[in-house]
Amino acid sequence: MTEKEIVETSESEIAVHWGEEEYFHPSAEFIAQANMADPDIYNRFSLDNFPNCFKEYADLLDWYEYWHTTLDTSDAPCWKWFVGGKINACYNCVDRHLPKYKNKTAIHFVPEPLEEGYHHITYQELYVRVNEFAAVLRDDCGLKTGDRVTLHMPMVPELPIAMLACARLGLIHSQVFGGFSGRACADRIVDSGSQVLITIDAYYRSGRLINHKEKADLAVELAAKEGQTVDKVLVWQRYPGKYSAETPMVEGRDFFANDLVKEKYGARIEPVQMPAEAPLFLMYTSGTTGKPKGCQHSTGGYLAYTAGTSKYVQDIHPEDVYWCMADIGWITGHSYIVYGPLAIAASTVVYEGVPTYPDAGRSWRIAQDLDVNIFHTAPTAIRALRKIGPDEPKKYKYHFKHMTTVGEPIEPEVWRWYYHEVGKGEAAIVDTWWQTETGGFLCSTLPALEPMKPGSAGPAVPGIHPVIFDDEGEILPQGAGKAGNICIQNPWPGAFQTIWGDRDRFVSTYYGRYCKDPESKDWRDWPYMAGDAAMQAPDGYYRILGRIDDVINVSGHRLGTKEIESAALVVPEVAEAAVVPVAHEIKGKEPDLYVSLKPGFENTPEMAKKINDAICEEIGKIAKCRKVWIVKDMPKTRSGKIMRRVLGAISNKKDVGDVTTLANPDIVKEIKQMNADPDQ
Ligand code: WTA
């Protein structure tokens, strides 16, 4: 692929057109209170001091036993961190804070319905609830260290409680985003080999109490068909004592979690001393093939990395009120709502609902009521809040000292609204670039040390040493003015350990392309390929341009085009399917689906709806396509490859370029015509 093609095929091609922006400097007040204001940190974390520099992060934690080897590369590229170390993640997020902070709020829970007010769970209460639920998992479910447990939970405190209870026992949790379908949950149950599913009866979203339990029934049924039996389904009740779903409980299989917990009153479970490199959780994410991959994260390395970056990049102090709006079902929530913040004794906000319910001021009222001073969200939410209430923030008396953006490139214009209106010109902003695989931030400014630049993720964070390669494997130097594949030269403790059950896919996807010697045990030979196109400005700041693979970033959520295409192909009438990203004002990107039908089937609106419904059922509503275009044929190369680039250009009303070499150039004209007149 040439450099031009990388930029053209990236899903955020707009980003490459952004000019270099002016700098914004953090205030003296922010710098004075910042956790990290010492520029020497970059020397301490230089490659010369690698890997021992990461002791600084690991020392933020309490260890039962110190490690003997900081980085073990013998099983390259499955790096092992802090080998010999013994640690428990739950102990570090809960127990150790009790002497000083037992009376402090660990989790501020904000239910969506206004009349339900605010719930403040102290560290002591968190400790009690985690212990009692751990007793249920151990004694009632018979789970033991190393077993996998699937969670399919919305944004309620029982989710972090369940995660921490798993961590306490050394169980590997696999939380599936609550908005995903029962089928998506089933796939993850099967892949992880979970025998227990933790779910809830219902939860609120946009004012509606949604039945969630029905997804569990479907998930268990589908998993069984694929040979994975779920023996127990633990169902939390949104209102303890009252069942809010219509679907019946299955005798002998389904149990109300809040009832089981009652029987464990007073239970205290000793945290299991886990090896640092034992897996803490799996987080499934989309890639280039239809099957989502289970990113396996470690205990010691992951916790050290998220604690370190929460302290220095998020600037969280125990006195702060920190609100990350992400969903705990994604990596951002795992690392920067639960593990990182709780490891450093933060007060973290968990909000059940949508940021704009019931009106455009909701988020800012929550901020005002709880006196939130660190705010963390994604460009898609910022765009939505800006669109429906550009002047809302100034009506409320909150003051943020720090704000984060994550998940996709943020347009400089939107960044400026975030800075001036949401941040009231007072908050330092960090634009954090990273991935499910990386566990924590890769690029971001350190907020007290470097100026912000709108639309730019900033330099690498301490201890991360990126390099941009062109397609020939040549390094593109700083300020080259060209985009290439961004890689990280060195391992870091937050990185995932492997893809659950598929080491070959792990090695080939992330290390195959630029590995210098597949036999090597030296980390220098194994640059990690992130799968994003990026360019580095003369000042060293990185601009992330978007994915180079078949991943579409919809509202900051990763969806594989292959996943959507396979879902469309479940409809028996569909012969071929191709998905392309289309620019969307709020979501960033949206999938547009092209399908051709098997002979004898008609192009009708009902058919298009049936296909879109199938996608929502297979994956979840977030995968719903902007439009399903039923075409007579796909534009194809002479060798029969579907030309997604051409479809993408048509959907985005861009020039399709030269199509004369296609096997069927006439179809391009026809599809263009359909797009120009979509109701025909
Ligand atoms: C994109 C989310 C630009 C990128 C934490 C990456 C970003 C993918 C940024 C990972 C950012 C994430 N600027 N693009 N600040 N942050 N991305 O796994 O394409 O859900 O590869 O992790 O989101 O998405 P994931």
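Indexing begins at 1, ligand by ligand and atom by atom, following the structure's order. Owing to the predicted nature of the structure, the values given are computational and were not obtained by experimental measurement.
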Checklist entry - Counting distance only, does the side-chain N/O of Arg383 pair as donor-acceptor with the main-chain N or O of Ile586 below 3.5 Å? => result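 A pair under 3.5 Å: yes.
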
Checklist entry - Can you tell me if Thr438 uses its side chain to pair, donor with acceptor, with the backbone of Gln435 under 3.5 Å? => result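 Such a contact is found between Thr438 side chain and Gln435 backbone.
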
Taking 4.0 Å as the limit for heavy-atom contacts, which would you say applies to [X] with ligand 1: side chain only, backbone only, both, or neither?
{"X": "Asp532", "result": "side chain"}
{"X": "Gln435", "result": "both"}
{"X": "Val551", "result": "neither"}
{"X": "Ala457", "result": "neither"}

With no hydrogens and no angle check, just 3.5 Å: does a side-chain donor-acceptor pair link [X] and [Y]?
{"X": "Asn485", "Y": "Tyr514", "result": "yes"}
{"X": "Tyr23", "Y": "Asp539", "result": "yes"}
{"X": "Tyr336", "Y": "Thr404", "result": "no"}
{"X": "Glu437", "Y": "Tyr510", "result": "yes"}

Ignoring angles and geometry beyond distance, decide whether [X] reaches within less than 3.5 Å of ligand 1 through its nitrogen or oxygen atoms.
{"X": "Gly546", "answer": "no"}
{"X": "Thr285", "answer": "no"}
{"X": "Thr332", "answer": "no"}

List every atom of ligand 1 that sits less than 4.0 Å from any heavy atom of [X], numbering the atoms from 1 in the order shown and giving each element.
{"X": "Thr436", "value": "18 (O), 20 (O), 22 (O), 25 (P)"}
{"X": "Ile544", "value": "3 (C), 14 (N)"}
{"X": "Pro409", "value": "3 (C), 13 (N), 14 (N)"}
{"X": "Asn553", "value": "1 (C), 23 (O)"}

Checklist entry - If you look at every heavy atom in Ala89 and Leu303, which pair is closest and at what distance? => result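 Heavy atoms of Ala89 and Leu303 come nearest at CA-CD2, 3.8 Å.
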
Checklist entry - Would you say Ala530 contacts ligand 1, with heavy atoms under 4.0 Å as the rule? => result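 So Ala530 does not count as touching ligand 1.
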
Checklist entry - Does Trp434 have a non-hydrogen atom less than 4.0 Å from ligand 1? => result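 Judged by the 4.0 Å heavy-atom criterion, Trp434 does count as contacting ligand 1.
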
Checklist entry - Is the His334 ring parallel, tilted or perpendicular to the His173 ring (thresholds 30°, 60°)? => result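 Aromatic pair His334/His173 classed tilted.
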
Checklist entry - Who pairs with His402 by ring pair (Phe, Tyr, Trp, His ring centres under 6.0 Å), at least two apart in sequence or on another chain? => result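 With neighbours one apart ignored, the set is empty.
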
